[in-house]
Protein chains: 2
Amino acid sequence: MAASQPTWEASMSADPEQACPIAPVVDIVFSRWTTPILWALHQYGRQRFVELERRLTTITPKVLTQRLRQLERDGLVARTYHPEVPPRVEYEITELGASLAPLFAHLAEWAATNLDAVEQSRHTYDTAQQSRPR
Amino acid sequence: MAASQPTWEASMSADPEQACPIAPVVDIVFSRWTTPILWALHQYGRQRFVELERRLTTITPKVLTQRLRQLERDGLVARTYHPEVPPRVEYEITELGASLAPLFAHLAEWAATNLDAVEQSRHTYDTAQQSRPR
DNA sequence: CAGAATCCTATAGGATACTG
DNA sequence: CAGTATCCTATAGGATTCTG
(Lines give C-alpha, C1' and ligand atoms only; values in the text may rest on other atoms or scores of the structure.)
Protein backbone atom coordinates (compact mmCIF):
# COMPACT_ATOMS: atom_id res chain seq x y z
CA MET A 1 0.00 0.00 0.00
CA ALA A 2 2.61 2.49 1.08
CA ALA A 3 4.56 1.77 -2.08
CA SER A 4 1.79 3.12 -4.28
CA GLN A 5 1.54 6.34 -2.30
CA PRO A 6 3.71 9.17 -3.62
CA THR A 7 6.09 10.54 -1.02
CA TRP A 8 5.56 14.03 0.30
CA GLU A 9 8.70 15.16 -1.43
CA ALA A 10 7.70 13.66 -4.76
CA SER A 11 4.18 15.05 -4.58
CA MET A 12 5.54 18.50 -3.75
CA SER A 13 8.31 18.63 -6.31
CA ALA A 14 6.47 16.89 -9.12
CA ASP A 15 4.11 19.65 -10.12
CA PRO A 16 4.09 23.00 -8.36
CA GLU A 17 0.64 23.74 -9.67
CA GLN A 18 -0.59 20.70 -7.74
CA ALA A 19 0.97 22.11 -4.61
CA CYS A 20 -1.61 24.85 -4.96
CA PRO A 21 -4.79 23.03 -3.96
CA ILE A 22 -7.06 25.05 -6.21
CA ALA A 23 -4.97 24.74 -9.36
CA PRO A 24 -6.80 21.70 -10.77
CA VAL A 25 -10.21 23.27 -10.47
CA VAL A 26 -9.01 26.51 -12.02
CA ASP A 27 -8.18 24.64 -15.21
CA ILE A 28 -11.65 23.15 -15.25
CA VAL A 29 -13.74 26.18 -14.41
CA PHE A 30 -11.73 29.19 -15.51
CA SER A 31 -10.10 28.29 -18.76
CA ARG A 32 -10.81 30.57 -21.70
CA TRP A 33 -14.50 31.14 -22.62
CA THR A 34 -15.83 28.72 -20.04
CA THR A 35 -17.36 31.29 -17.72
CA PRO A 36 -19.18 33.22 -20.47
CA ILE A 37 -20.54 29.94 -21.84
CA LEU A 38 -21.65 28.64 -18.45
CA TRP A 39 -23.11 32.03 -17.67
CA ALA A 40 -25.12 32.13 -20.89
CA LEU A 41 -26.45 28.62 -20.33
CA HIS A 42 -27.29 29.33 -16.71
CA GLN A 43 -28.88 32.68 -17.49
CA TYR A 44 -30.90 31.86 -20.60
CA GLY A 45 -31.38 28.13 -20.17
CA ARG A 46 -31.16 25.34 -22.71
CA GLN A 47 -30.29 26.62 -26.15
CA ARG A 48 -28.93 25.63 -29.52
CA PHE A 49 -25.43 25.92 -30.86
CA VAL A 50 -26.24 28.89 -33.07
CA GLU A 51 -27.92 30.76 -30.22
CA LEU A 52 -24.81 30.44 -28.11
CA GLU A 53 -22.71 31.47 -31.08
CA ARG A 54 -24.76 34.65 -31.52
CA ARG A 55 -24.72 35.47 -27.85
CA LEU A 56 -20.94 35.14 -27.61
CA THR A 57 -20.53 37.40 -30.60
CA THR A 58 -16.78 37.14 -31.07
CA ILE A 59 -16.33 33.41 -30.62
CA THR A 60 -15.72 31.25 -33.68
CA PRO A 61 -17.64 28.00 -34.24
CA LYS A 62 -14.43 26.05 -34.02
CA VAL A 63 -13.55 27.39 -30.58
CA LEU A 64 -17.12 27.19 -29.35
CA THR A 65 -17.16 23.52 -30.32
CA GLN A 66 -13.86 22.89 -28.55
CA ARG A 67 -15.02 24.54 -25.33
CA LEU A 68 -18.42 22.86 -25.36
CA ARG A 69 -16.76 19.48 -25.82
CA GLN A 70 -14.49 20.16 -22.89
CA LEU A 71 -17.38 21.27 -20.70
CA GLU A 72 -19.36 18.22 -21.76
CA ARG A 73 -16.45 15.93 -20.95
CA ASP A 74 -16.11 17.52 -17.52
CA GLY A 75 -19.82 17.03 -16.90
CA LEU A 76 -20.66 20.71 -16.56
CA VAL A 77 -22.74 20.88 -19.73
CA ALA A 78 -25.07 18.38 -21.37
CA ARG A 79 -25.45 18.01 -25.11
CA THR A 80 -28.61 16.69 -26.70
CA TYR A 81 -28.63 15.71 -30.35
CA HIS A 82 -31.93 15.62 -32.24
CA PRO A 83 -31.53 13.66 -35.48
CA GLU A 84 -33.72 15.83 -37.65
CA VAL A 85 -33.26 17.69 -40.91
CA PRO A 86 -31.84 20.21 -40.37
CA PRO A 87 -30.11 18.81 -37.29
CA ARG A 88 -30.84 20.34 -33.93
CA VAL A 89 -28.48 20.25 -30.99
CA GLU A 90 -29.22 21.68 -27.60
CA TYR A 91 -26.91 22.49 -24.77
CA GLU A 92 -27.83 22.94 -21.16
CA ILE A 93 -26.06 23.28 -17.88
CA THR A 94 -25.95 20.16 -15.72
CA GLU A 95 -26.57 19.91 -12.01
CA LEU A 96 -22.81 19.76 -11.53
CA GLY A 97 -22.40 22.88 -13.63
CA ALA A 98 -25.16 24.66 -11.77
CA SER A 99 -23.43 23.84 -8.48
CA LEU A 100 -20.91 26.50 -9.45
CA ALA A 101 -23.52 29.26 -9.13
CA PRO A 102 -22.77 30.19 -5.49
CA LEU A 103 -19.08 30.29 -6.32
CA PHE A 104 -19.70 32.62 -9.24
CA ALA A 105 -21.88 34.78 -7.03
CA HIS A 106 -19.04 34.95 -4.53
CA LEU A 107 -16.71 35.99 -7.32
CA ALA A 108 -19.14 38.65 -8.52
CA GLU A 109 -19.37 39.95 -4.99
CA TRP A 110 -15.60 40.19 -4.66
CA ALA A 111 -15.52 42.05 -7.96
CA ALA A 112 -18.20 44.49 -6.85
CA THR A 113 -16.26 45.23 -3.68
CA ASN A 114 -12.70 45.26 -4.97
CA LEU A 115 -12.58 45.90 -8.70
CA ASP A 116 -12.31 49.63 -8.14
CA ALA A 117 -9.25 49.09 -5.98
CA VAL A 118 -7.64 47.05 -8.74
CA GLU A 119 -8.35 49.78 -11.31
CA GLN A 120 -6.99 52.36 -8.90
CA SER A 121 -3.83 50.34 -8.37
CA ARG A 122 -3.34 49.95 -12.10
CA HIS A 123 -3.67 53.66 -12.65
CA THR A 124 -1.20 54.46 -9.89
CA TYR A 125 1.24 51.88 -11.21
CA ASP A 126 0.97 53.08 -14.80
CA THR A 127 1.36 56.77 -14.05
CA ALA A 128 4.30 56.18 -11.70
CA GLN A 129 6.31 54.40 -14.38
CA GLN A 130 8.67 57.33 -14.97
CA SER A 131 11.54 57.65 -12.46
CA ARG A 132 10.82 54.41 -10.67
CA PRO A 133 13.34 52.27 -8.77
CA ARG A 134 13.42 48.74 -10.23
CA MET B 1 -24.62 63.19 -20.84
CA ALA B 2 -26.73 60.62 -22.58
CA ALA B 3 -24.43 60.84 -25.57
CA SER B 4 -21.47 59.52 -23.59
CA GLN B 5 -23.40 56.51 -22.31
CA PRO B 6 -23.11 53.43 -24.47
CA THR B 7 -26.42 52.10 -25.66
CA TRP B 8 -27.69 48.79 -24.35
CA GLU B 9 -27.19 47.29 -27.76
CA ALA B 10 -23.66 48.57 -28.08
CA SER B 11 -22.70 47.45 -24.60
CA MET B 12 -24.10 43.99 -25.23
CA SER B 13 -22.65 43.47 -28.66
CA ALA B 14 -19.32 45.09 -28.00
CA ASP B 15 -17.71 42.42 -25.88
CA PRO B 16 -19.52 39.22 -24.98
CA GLU B 17 -17.03 38.55 -22.23
CA GLN B 18 -18.22 41.75 -20.56
CA ALA B 19 -21.76 40.46 -20.74
CA CYS B 20 -20.60 37.79 -18.33
CA PRO B 21 -20.27 39.78 -15.10
CA ILE B 22 -17.41 37.73 -13.73
CA ALA B 23 -15.26 37.78 -16.86
CA PRO B 24 -13.16 40.82 -15.85
CA VAL B 25 -12.22 39.40 -12.47
CA VAL B 26 -11.36 36.03 -13.97
CA ASP B 27 -8.65 37.69 -16.03
CA ILE B 28 -7.24 39.29 -12.92
CA VAL B 29 -7.36 36.41 -10.50
CA PHE B 30 -7.21 33.27 -12.60
CA SER B 31 -4.77 33.93 -15.37
CA ARG B 32 -1.87 31.50 -15.69
CA TRP B 33 0.35 31.02 -12.58
CA THR B 34 -1.45 33.64 -10.52
CA THR B 35 -3.13 31.25 -8.11
CA PRO B 36 0.02 29.24 -7.32
CA ILE B 37 1.93 32.49 -6.76
CA LEU B 38 -0.74 34.01 -4.55
CA TRP B 39 -1.05 30.73 -2.71
CA ALA B 40 2.69 30.51 -2.04
CA LEU B 41 2.80 34.10 -0.79
CA HIS B 42 -0.26 33.62 1.37
CA GLN B 43 0.93 30.29 2.73
CA TYR B 44 4.60 31.00 3.39
CA GLY B 45 4.53 34.77 3.79
CA ARG B 46 6.92 37.38 2.48
CA GLN B 47 9.71 35.88 0.45
CA ARG B 48 12.39 36.62 -2.09
CA PHE B 49 12.28 36.13 -5.82
CA VAL B 50 14.52 33.07 -5.75
CA GLU B 51 12.42 31.42 -3.02
CA LEU B 52 9.32 31.76 -5.14
CA GLU B 53 11.24 30.50 -8.12
CA ARG B 54 12.30 27.37 -6.21
CA ARG B 55 8.85 26.75 -4.84
CA LEU B 56 7.20 26.98 -8.28
CA THR B 57 9.74 24.52 -9.62
CA THR B 58 8.79 24.61 -13.28
CA ILE B 59 8.35 28.37 -13.76
CA THR B 60 11.05 30.32 -15.58
CA PRO B 61 12.41 33.61 -14.16
CA LYS B 62 11.06 35.45 -17.16
CA VAL B 63 7.50 34.28 -16.64
CA LEU B 64 7.71 34.67 -12.87
CA THR B 65 8.76 38.29 -13.39
CA GLN B 66 5.92 38.90 -15.81
CA ARG B 67 3.30 37.48 -13.48
CA LEU B 68 4.67 39.26 -10.41
CA ARG B 69 4.59 42.57 -12.31
CA GLN B 70 1.01 41.96 -13.29
CA LEU B 71 0.03 41.08 -9.73
CA GLU B 72 1.87 44.14 -8.45
CA ARG B 73 0.12 46.36 -10.97
CA ASP B 74 -3.25 44.96 -9.94
CA GLY B 75 -2.42 45.61 -6.30
CA LEU B 76 -2.56 41.98 -5.19
CA VAL B 77 1.16 41.70 -4.44
CA ALA B 78 3.65 44.20 -3.03
CA ARG B 79 7.29 44.36 -4.10
CA THR B 80 10.01 45.68 -1.82
CA TYR B 81 13.43 46.46 -3.22
CA HIS B 82 16.41 46.56 -0.88
CA PRO B 83 19.33 48.32 -2.58
CA GLU B 84 22.09 46.07 -1.27
CA VAL B 85 24.87 44.01 -2.83
CA PRO B 86 23.71 41.50 -3.80
CA PRO B 87 20.27 43.02 -4.31
CA ARG B 88 17.38 41.70 -2.28
CA VAL B 89 13.77 41.88 -3.38
CA GLU B 90 10.86 40.66 -1.34
CA TYR B 91 7.34 39.95 -2.37
CA GLU B 92 4.33 39.74 -0.14
CA ILE B 93 0.60 39.55 -0.54
CA THR B 94 -1.33 42.77 -0.02
CA GLU B 95 -4.52 43.26 1.92
CA LEU B 96 -6.37 43.30 -1.39
CA GLY B 97 -4.71 40.04 -2.38
CA ALA B 98 -5.46 38.49 0.98
CA SER B 99 -9.11 39.41 0.55
CA LEU B 100 -9.27 36.62 -2.00
CA ALA B 101 -8.70 33.98 0.68
CA PRO B 102 -12.38 33.23 1.40
CA LEU B 103 -13.00 32.95 -2.33
CA PHE B 104 -10.14 30.48 -2.71
CA ALA B 105 -11.46 28.53 0.27
CA HIS B 106 -14.85 28.39 -1.43
CA LEU B 107 -13.18 27.11 -4.58
CA ALA B 108 -11.25 24.48 -2.62
CA GLU B 109 -14.49 23.39 -1.02
CA TRP B 110 -16.20 23.02 -4.38
CA ALA B 111 -13.25 20.98 -5.58
CA ALA B 112 -13.34 18.71 -2.54
CA THR B 113 -17.03 18.08 -3.12
CA ASN B 114 -17.16 17.84 -6.90
CA LEU B 115 -13.78 16.99 -8.36
CA ASP B 116 -14.54 13.29 -8.19
CA ALA B 117 -17.67 13.82 -10.25
CA VAL B 118 -15.64 15.63 -12.88
CA GLU B 119 -13.09 12.81 -13.04
CA GLN B 120 -15.92 10.32 -13.24
CA SER B 121 -17.52 12.25 -16.09
CA ARG B 122 -14.25 12.41 -17.95
CA HIS B 123 -13.73 8.70 -17.64
CA THR B 124 -17.23 7.95 -18.87
CA TYR B 125 -16.84 10.36 -21.76
CA ASP B 126 -13.45 8.99 -22.78
CA THR B 127 -14.44 5.34 -22.66
CA ALA B 128 -17.69 5.96 -24.54
CA GLN B 129 -15.91 7.57 -27.47
CA GLN B 130 -16.27 4.55 -29.77
CA SER B 131 -19.65 4.20 -31.52
CA ARG B 132 -20.97 7.53 -30.38
CA PRO B 133 -23.60 9.64 -32.12
CA ARG B 134 -22.18 13.07 -32.93
C1' DC C 1 20.50 37.88 -6.53
C1' DA C 2 17.07 39.66 -9.49
C1' DG C 3 16.18 40.28 -13.23
C1' DA C 4 16.66 41.98 -18.64
C1' DA C 5 17.65 40.76 -23.46
C1' DT C 6 17.53 37.84 -27.17
C1' DC C 7 16.12 34.14 -29.82
C1' DC C 8 13.15 30.52 -30.75
C1' DT C 9 9.14 27.33 -30.94
C1' DA C 10 4.68 25.37 -29.90
C1' DT C 11 0.14 25.99 -29.71
C1' DA C 12 -4.16 28.47 -29.15
C1' DG C 13 -7.09 30.55 -31.84
C1' DG C 14 -8.69 33.23 -36.25
C1' DA C 15 -10.36 33.02 -41.21
C1' DT C 16 -12.28 30.52 -44.74
C1' DA C 17 -14.40 26.83 -47.13
C1' DC C 18 -16.90 22.66 -47.06
C1' DT C 19 -20.50 18.72 -45.57
C1' DG C 20 -24.08 15.38 -43.60
C1' DC D 1 -27.95 23.78 -38.65
C1' DA D 2 -24.00 22.06 -36.49
C1' DG D 3 -20.35 21.36 -37.01
C1' DT D 4 -15.44 19.59 -39.53
C1' DA D 5 -11.23 20.44 -42.24
C1' DT D 6 -7.51 23.17 -43.63
C1' DC D 7 -4.51 26.77 -43.47
C1' DC D 8 -2.42 30.42 -41.19
C1' DT D 9 -0.69 33.73 -37.72
C1' DA D 10 0.13 35.82 -33.28
C1' DT D 11 1.54 35.33 -28.97
C1' DA D 12 2.67 33.00 -24.70
C1' DG D 13 6.21 30.90 -22.91
C1' DG D 14 10.86 28.07 -22.95
C1' DA D 15 16.06 28.15 -23.26
C1' DT D 16 20.03 30.63 -22.95
C1' DT D 17 23.05 34.36 -22.07
C1' DC D 18 24.24 38.57 -19.86
C1' DT D 19 24.45 42.46 -16.08
C1' DG D 20 23.97 46.06 -12.19
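A note on names: the letters A, B, ... follow the listed sequences, proteins ahead of strands, and every chain is numbered from 1.
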NZ/NE/NH1/NH2 to OD/OE distance under 4.0 Å, B:Arg88 and B:Glu90
yes

Rounded to the Å, how far apart are B:Gln66 CD and C:dA2 C1'?
15 Å

Does OP1 or OP2 of D:dA12 have a side-chain N or O of A:Arg32 closer than 4.0 Å?
no

Could you give the CD-to-P distance, from B:Glu84 to C:dA2, as a whole number of Å?
10 Å

Rounded to whole Å, please give me the gap between CG in B:Leu64 and C1' in C:dA4.
14 Å

Under-4.0 Å side-chain N/O to phosphate OP1/OP2 contact, B:Thr60 with D:dG14:
yes

Is the phosphate of D:dG3, meaning OP1 or OP2, less than 4.0 Å from a side-chain N or O of A:Arg69?
yes

Grab the CD1-P distance between B:Ile59 and D:dG13 for me, whole Å please.
9 Å

Out of B:Thr34, B:Ile93, B:Leu71, which residue meets the side chain to side chain contact (heavy atoms under 4.5 Å, CB included) rule with B:Leu76?
B:Leu71

Over how many whole Å does the gap from A:Arg48 atom CZ to D:dG3 atom P extend?
10 Å

By nearest-heavy-atom nucleotide on DNA chain C, the more 5' of A:Pro61 and B:Pro61 is B:Pro61

Taking the side chain of A:Tyr91 as its heavy atoms from C-beta onward, which of C:dG13, D:dA2, D:dG3 lies nearest to it?
D:dG3

May I ask you to decide if the ring planes of B:Phe30 and A:Phe30 are parallel, tilted or perpendicular, using 30° and 60° as cut-offs?
parallel

Expressed as a whole number of angstroms, how long is the span from A:Glu51:CD to D:dC1:P?
10 Å

When you group the ILVMFWY residues by side-chain heavy-atom contacts below 4.5 Å and let the links chain together, are B:Trp39 and B:Leu96 in the same group?
no

Shortest non-hydrogen contact from A:Leu115 toward B:Pro24
CD2-CB, 4.4 Å

B:Lys62 (side chain) and C:dG3 (base): donor-acceptor pair under 3.5 Å:
no

The residue, A:Val63 or A:Pro87, whose nearest nucleotide of DNA chain C is more 5′ is A:Val63

Is A:Arg67 close enough to C:dG13 that one of its side-chain N or O atoms is under 4.0 Å from OP1 or OP2 there?
yes

Whole Å only: how far is the CZ atom of A:Phe49 from the C1' atom of D:dC1?
10 Å

Tell me: CD of A:Glu72 to C1' of D:dG3, nearest whole Å?
13 Å

